[in-house]
Amino acid sequence: MPRRLAPALWGLAALLVLSAALEALVRSEALPKLVVAAPSDTVVAIWHLVAEEGLLGALGATLLTALGAVAAAIVAGLPAGYWLYKHPRFGRAYRNWLGALFAAPLVLVYPVVLVLFGRTYVSTGFMGFIVGVIAVVLYTREGLAAVPLTLVRVGRAFNLTPEQEFWKILLPAGAPMIFTGIRLGTIYALVNIIGVEFLINFGGLGFVVSEAYDKFDIPGMYGAIVFVILVSGGMLWLLKRLQLWLRPA
Amino acid sequence: MTRSDPNAGTLAIRLLTLAGLLALWEALGQTGLVFGEALPPMSAVAAAAFNEFFGVAFYRHLAVTLGEVAGGFVFGVLPGVAVGLVFGARRVLGTAADPYIAALATTPKIVFLPVVMLAVGIGPGSKVALGAISAFFPVVIATVAGMRAIPAVFVRVGRAFNLDAWQMMRMVYLPALAVPLVTGLRLGLGVCIIGVLLGEIKLAKAGLGFLANDYYAQYNFAELYAIVAIIFALAALANAAMSRLVRRAEAHR
């Protein structure tokens, strides 16, 4: 246990040393206060954002938008991935397209989405949905295609209906890969949602960053950015934990 | 079910799908059934794209964007590789930094735009910086992962031959790193393009992102769709070129 803990402690120590150095640089005005906020001011600003600017409410708005986007991505993506698995000709035809879309800068369609849905939660949610659904479709198809043929044949030997085959064989066997798709989709959705919130000054956490900048509240801006980093890291950790829990080693 | 030529079926499915989608788009656009004015017909968008290609302004904005992407890529990749090599070579350092790198890599880079604008102003420099920040993380992560995947035997052989640090880098690490590094560069270029364009969309006076936002503000939706489509085509082109590079590195191994 101490062996595993040591690097984490080193990392934390380095973070504290770097923060102290930054604090000194800003306090001594070697770094202009109008550009860089002192770490101590940033921490105070986070507290201020929580107490007075509704930071937690913004977090809730962002997370709920992401939750809606990912839920929609699963509801649409799981059947689509299953369909592509069941119809390998279409699976082959669309696989590369999906891969290309997954690598494409989908967030850049946001002006178009804005034209269609306006500055609403539908727009931010939709921006999360489009990246999430592609990840879910792609990984569902691959996960199902990778299910050992033996398992499928056992199911056939027991005369399972297609429905039983899906619930009792394909889904459990493909679950780890499918969850990888959901995990990636969730992270990408969150990134897109916060990014678009910032870009259109609307919604949750991204909006808080944007608003702090517009008000020229430098510590508030840094505080909001640090909070976004914490949320991103926390989400990453949580999803990895969840995946380990789903498939204990 | 003709088993003889599965590729012919694939091509047919793709062409039919494409034709169907374009026809649906055209129909929805012409009738204004679902989105009204917000969805111009495909033909109008194609005409708008055609006009862009024959205008001078487009190329001026394209040049600005390409310059910013190139700058961001260079300023992101160089420190990214350097940091990746150090974190990859020193295990404790790398493990200690891992959670921070991972959290920062997952953070939407666009939220750093305010900091960048305060530091270097709202001009092209801020887009270069945002592109660099975006490109930095995938490159670091790929380099660190590549370093960790190098078989210990290679390193021990190098040490046995008494190679100095530079020779180790040139003869042991870099050849073994080629594939993960090029993969990191591919991902880095992709997010660099996103960073630059989002920066331009948010606040700029030139560039394709600015152009898209300008058309949006003027309700020139066909032109907006055309620019977004052109941006996608360019990004796909860049990705295809980098993928070729990855395949060449893999073949070289």
Side-chain angles (χ1 to χ4, degrees), chain A residues 4 6-15 32 34-36 88-90 92-94 97 100 103-112 114-118 187 190-196 198-199 205-206 209-210 212-214 218 221-222 224-225 228-237, chain B residues 1 6-7 9-14 17 34-35 37-39 91-100 102-115 117-119 186-187 190-191 193-194 197-198 201-202 209 212-213 215-216 219 221 224-225 227-228 231-232 235-236 239-240 243:
Chain A
R4 269 179 57 205
L9 289 177
W10 277 112
L12 208 60
L15 184 69
L34 285 178
V35 176
V36 185
R89 301 175 133 236
F90 288 89
R92 266 196 306 275
Y94 295 149
W97 280 7
L106 281 176
V107 64
L108 295 173
V109 303
Y110 99 79
V112 169
L114 218 52
V115 170
L116 298 177
F117 302 118
I187 290 168
L190 193 68
V191 166
N192 262 13
I193 289 169
I194 296 177
V196 173
F198 171 79
L199 287 164
L205 293 176
V209 177
S210 164
Y213 174 74
D214 287 341
I218 309 299
M221 190 185 90
Y222 274 84
I225 293 173
V228 169
I229 297 171
L230 288 176
V231 169
S232 304
M235 185 59 92
L236 203 61
W237 178 83
Chain B
M1 291 281 155
N7 289 330
T10 304
L11 187 67
I13 290 173
R14 285 185 176 171
T17 308
V34 184
F35 292 108
E37 295 280 296
L39 185 70
R91 194 164 282 272
V92 178
L93 202 60
T95 320
D98 262 352
Y100 301 96
L104 284 168
T106 325
T107 304
K109 304 302 167 304
I110 185 71
V111 300
F112 294 114
L113 185 66
V115 175
M117 289 196 299
L118 287 177
R186 182 176 73 81
L187 297 173
V191 289
I193 293 174
I194 294 181
L197 282 159
L198 288 185
I201 291 177
K202 180 76 176 176
N213 200 36
Y215 285 138
Y216 171 70
Y219 295 97
F221 292 150
L224 165 67
Y225 280 69
I227 290 295
V228 169
I231 288 172
F232 263 86
N239 189 46
S243 298

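Just so we're on the same page: letters track the sequence lines, and every chain starts at 1.
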Roughly how far, to the nearest 0.5 Å, is the CG atom of A:N192 from the CD1 atom of B:I110? 11.5 Å
Quick check on the interface: out of B:N239, B:I231, B:L39, B:I201, who has the most heavy-atom pairs with chain A under 4.5 Å? B:I201
The interface call for B:A235 against chain A, heavy-atom contacts under 4.5 Å, is side chain
Only one of A:V209, A:I225, A:V35 forms a side chain to side chain contact (heavy atoms under 4.5 Å, CB included) with B:V115, so which one is it? A:I225
Who wins among A:L108, A:L34, A:V228 for the most heavy-atom pairs under 4.5 Å with chain B? A:L108
Give the minimum heavy-atom separation between A:L106 and B:F232, together with the two atoms involved. CA-CZ, 3.8 Å
Among A:P111, A:A212, A:G233, single out the residue with the greatest number of heavy-atom pairs under 4.5 Å to chain B. A:P111
Which region of B:A97, side chain (C-beta onward) or backbone (N, CA, C, O), has a non-hydrogen atom less than 4.5 Å from a non-hydrogen atom of chain A, or is it both or neither? neither
Residue among B:R91, B:K109, B:M117 with most heavy-atom pairs under 4.5 Å to chain A: B:M117
What residue in B:L113, B:L93, B:L118 has the most heavy-atom pairs under 4.5 Å with chain A? B:L118
Are the side chains of B:P114 and A:S210 in touch, meaning some heavy atoms are under 4.5 Å apart? no
Point-to-point distance, once rounded to the nearest 0.5 Å, from OG1 of B:T106 to CG of A:L236: 4.0 Å
Please lay out, stage by stage, how B:I13 and A:R92 fare under the test side chain to side chain contact (heavy atoms under 4.5 Å, CB included). CA-CA 10 Å; B:I13 290 173; A:R92 266 196 306 275; over 6 Å; no
Quick one: does B:P108's side chain get under 4.5 Å of A:F198's, heavy atoms only? no
With a 4.5 Å heavy-atom cut-off, do B:T10 and A:Y94 have their side chains touching? no
Contact origin within A:A103 toward chain B - heavy atom pairs under 4.5 Å: side chain
Could you tell me the separation between the CZ atom of A:F90 and the CZ atom of B:R14, rounded to the nearest 0.5 Å? 12.5 Å
If I take atom OH from residue B:Y216 and atom OH from residue A:Y110, how far apart are they, to the nearest 0.5 angstrom? 8.0 Å
Within the structure provided, determine whether A:L116 and B:F221 are in side-chain contact (heavy-atom separation under 4.5 Å). no
As an exercise, state the distance from CG of B:L198 to CG of A:L199, rounded to the nearest 0.5 Å. 5.5 Å
To the nearest 0.5 Å, atom OG1 of B:T107 lies from atom CD1 of A:I229 at 5.0 Å
What verdict does the side chain to side chain contact (heavy atoms under 4.5 Å, CB included) test give for B:Y219 and A:V115, after you've listed the backbone C-alpha separation in whole Å, the side-chain angles of each residue and the deciding distance to 0.1 Å? CA-CA 9 Å; B:Y219 295 97; A:V115 170; over 6 Å; no
